[in-house]
Colleague: 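One structure is given below, represented as structure tokens, and several questions about it will come after.
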There are 2 protein chains.
Amino acid sequence: MSSQTSNLEPTTRHPLTRERIIAAAVDYADSHGVDDLSMRKLGAELGVEAMSLYNHVENKDDIYDGMIDHVFESIPIPDRSLPWQGQVRLIGEAAMDAFGRHPWVVLLLMQRGNFGPGVLAFMDNALGVLRDAGFGDEDIHHAWQMLASHTMGYAFQQGANPEGRTKEYADLESRLSQVAGRFPNVARIGSYLAECRWDQEYLFGLEIIIDGLESRLPPTT
Amino acid sequence: MSSQTSNLEPTTRHPLTRERIIAAAVDYADSHGVDDLSMRKLGAELGVEAMSLYNHVENKDDIYDGMIDHVFESIPIPDRSLPWQGQVRLIGEAAMDAFGRHPWVVLLLMQRGNFGPGVLAFMDNALGVLRDAGFGDEDIHHAWQMLASHTMGYAFQQGANPEGRTKEYADLESRLSQVAGRFPNVARIGSYLAECRWDQEYLFGLEIIIDGLESRLPPTT
DNA sequence: ACCTGAACACCGTTCAAGT
DNA sequence: ACCTGAACACCGTTCAAGT
């Protein structure tokens, strides 16, 4: 109560930095959705005008790239001495976990093809696991592509069907029942959607992919 | 040469309809990219002011939904009397083909979770194939989710790395060589990217998934 | 060196006005 | 019934001006 700025100081005290801007952008996207993020709103969140951001960040795409990197840097990397199948499982689960906490990241990564150091470090580790397992270049690419598609596909579906959105689920249900006559198979699978456990489904598919890749490992190694 | 409107008439003659608007939007997105599409530009393409579009279309999202449906309606549906594995292969190849002709459709479908009749009809057929094959609800969902993730993941990567973009490839190559020291596995796989055949890779992974699903088919049927 | 206000060129969309 | 012009509330971004 000594001054009117007291309750704002914890956030406005330190000077603006690229990292603070990106951390604020991640928080904003987590709580309001990435589509609502704008330079003006992000500036307001940091107690500053929108134009000040351009002193620490190149443009909005630079912020997007930073947000993606921020998430990938937070994904823990498992012990490299484990068998490759176990490492792949742990990497996949850790990625799914991070993608679940930041549901916007999969779409953003696909929109912006620009990989920063965080994404590259994550990829390099995963590719190294496959290389150490004995796969050659071509099979490493097969494996990476399959694992990435599977993980991002499931993470996206999980993000699109979060548990909290009961209202949108009701909409979906009513819309499905409307078209049940014309699209019976869709209606039947749609009602299953509400009760499915995405992480179990993810692991089921991951096992199929690992088995398929394993059967293709060059037998000499 | 009878009048100054002669060369515009073929496109401006017929009255505006929802279908004409959506077809024009698809063409525009194919040639200029979906990010460049705006109501004003789309109106100009049709020889009309932007605001006229709202007489035949609810809003821009409605156009997006129509574009997605337009693409899915164009995907041919294979003979339902074939064995399910063959049908799955043909559906996957046909979808990959359509996604390749309209590289924006995968991202758009993920952004807008709103499925129109074209998407629903495509899904209903594919789910019907799996049901006829003898899978139960849970396995149908597993199978659909894996096949969709695989197909959309590969289609997206193929769209992100089209053959024509030699300039962006050069950028990628130079950027990769810059970080080759820090991320050797990424650099090695990155140089393989330029020479890989996406449709072959897609089919390789599709076979792994089909085999994995097949081994899980209830043995009674 | 960093922040700001005003401005620019764009959006999607509404609405009253034209025919 | 369909198209239009002007306007509104937003964008991202630039730039000269402040301190």
Side-chain angles (χ1 to χ4, degrees), chain A residues 3-5 8-29 31-68 104 107-108 111-114, chain B residues 3-5 8-29 31-68 104 107-108 111-114:
Chain A
S3 104
Q4 70 273 34
T5 67
L8 280 180
E9 268 184 329
T11 35
T12 55
R13 148 112 80 239
H14 11 220
L16 229 45
T17 51
R18 190 187 137 89
E19 281 147 49
R20 272 192 69 218
I21 292 173
I22 286 168
V26 168
D27 285 349
Y28 191 94
S31 47
H32 300 89
V34 73
D35 289 336
D36 258 27
L37 183 67
S38 78
M39 299 301 273
R40 283 164 174 88
K41 288 178 189 165
L42 183 56
E45 205 79 6
L46 289 159
V48 102
E49 295 301 314
M51 305 75 190
S52 309
L53 303 175
Y54 287 88
N55 286 312
H56 307 89
V57 140
E58 227 167 283
N59 48 30
K60 204 187 183 186
D61 281 343
D62 190 25
I63 295 182
Y64 285 144
D65 290 344
M67 293 166 72
I68 298 168
W104 40 266
L107 217 50
L108 211 54
Q111 270 164 332
R112 313 229 2 94
N114 208 0
Chain B
S3 101
Q4 70 273 34
T5 68
L8 280 180
E9 269 184 329
T11 35
T12 56
R13 149 112 80 236
H14 11 221
L16 229 44
T17 52
R18 191 188 136 90
E19 281 145 50
R20 271 192 70 218
I21 292 173
I22 285 167
V26 168
D27 286 349
Y28 191 94
S31 46
H32 300 89
V34 73
D35 289 335
D36 258 28
L37 183 67
S38 79
M39 300 301 273
R40 283 165 174 88
K41 287 178 189 165
L42 183 55
E45 204 80 4
L46 289 159
V48 101
E49 297 299 315
M51 304 74 191
S52 309
L53 303 175
Y54 288 87
N55 286 311
H56 307 89
V57 140
E58 226 167 285
N59 48 30
K60 203 186 184 187
D61 282 343
D62 190 25
I63 296 183
Y64 285 143
D65 289 344
M67 293 167 72
I68 297 167
W104 40 265
L107 218 48
L108 212 53
Q111 270 164 333
R112 312 228 5 92
N114 209 358

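Order of the sequence lines sets the chain letters (A, B, ...), proteins ahead of strands, with each chain counted from 1. Any value given below was found using the heavy atoms of this structure, including those in side chains, with hydrogens, waters and symmetry copies removed.
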Colleague: In whole angstroms, how far is the C1' atom of dC3(D) from the CZ atom of R40(B)?
Modeller: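 Distance, rounded to whole Å: 16 Å.
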Colleague: Rounded to whole Å, how long is the line connecting atom OH of Y64(A) with atom P of dG12(D)?
Modeller: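 To the nearest whole Å, that distance equals 7 Å.
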Colleague: How many Å lie between CD on E58(A) and P on dT13(D), as a whole number?
Modeller: 10 Å
Colleague: In this structure, how many angstroms lie between the P atom of dC10(C) and the CE atom of M39(B), rounded?
Modeller: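 Result: 18 Å.
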Colleague: For the side chain of E49(A), starting at C-beta, report the closest nucleotide among dT13(D), dC11(C), dG5(C).
Modeller: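 Among the listed nucleotides, the one closest to the side chain of E49(A) is dG5(C).
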Colleague: Is the shortest heavy-atom distance from the side chain of I63(A) to the side chain of L42(A) under 4.5 Å?
Modeller: yes
Colleague: Do any N or O atoms from the side chain of K60(B) and from the backbone of L37(B) form a donor-acceptor pair under 3.5 angstrom?
Modeller: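 Checked: pair present.
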Colleague: Between P on dT19(D) and CE on M51(A), what's the gap in Å once rounded to a whole number?
Modeller: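 Whole-Å distance recorded here is 18 Å.
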Colleague: With a 3.5 Å limit on both atom pairs, tell me what dC10(C) is paired to, counting Watson-Crick and G-U wobble, or say none.
Modeller: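 The answer is none; no pair meets the criterion.
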Colleague: In whole Å, I'd like the distance from the CG atom of L42(A) to the C1' atom of dC11(D).
Modeller: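 After rounding, the reported distance stands at 14 Å.
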Colleague: Taking C-beta and beyond as the side chain, do V34(A) and Y28(A) meet within less than 4.5 Å on heavy atoms?
Modeller: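 No, every pair of side-chain atoms sits at 4.5 Å or beyond.
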Colleague: Expressed in angstrom and rounded to an integer, what is the separation of I21(B) atom CD1 from dC2(D) atom P?
Modeller: 11 Å
Colleague: Quick one: R18(B) CZ to dC2(D) P, roughly how many Å, whole number?
Modeller: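 It is 15 Å, rounded to the nearest whole Å.
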Colleague: Which nucleotide, if any, forms a Watson-Crick or G-U wobble pair with dC3(C), using both distances under 3.5 Å?
Modeller: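 Per the H-bond distance test, none.
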Colleague: Donor-acceptor check, side chain of H56(B) to backbone of I21(B), threshold 3.5 angstrom: yes or no?
Modeller: no
Colleague: Between K41(B) and dC11(C), does any side-chain N or O lie under 4.0 Å from OP1 or OP2?
Modeller: yes
Colleague: Starting the side chain at C-beta, find the nucleotide from dA7(C), dT14(C), dC3(C) nearest to Y54(B).
Modeller: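 When the side chain of Y54(B) is considered, dT14(C) is the closest of dA7(C), dT14(C), dC3(C).
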Colleague: Which nucleotide in the list dT4(D), dC3(C), dC11(D) gets nearest to the side chain of N55(B)?
Modeller: dT4(D)
Colleague: How is S52(B) classified with respect to the nucleic acid when contacts are heavy atoms under 4.0 Å: base, sugar-phosphate, or nothing?
Modeller: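 Base: the residue S52(B), judged by heavy atoms under 4.0 Å, touches a nucleobase.
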Colleague: Any non-hydrogen side-chain atom of L53(A) less than 4.5 Å from a side-chain atom of L46(A)?
Modeller: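 Sidechains of L46(A) and L53(A): in contact.
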Colleague: Can a side chain N or O of H56(B) be found less than 4.0 Å away from OP1 or OP2 on dA1(D)?
Modeller: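 No, H56(B) has no side-chain N/O under 4.0 Å of OP1/OP2 on dA1(D).
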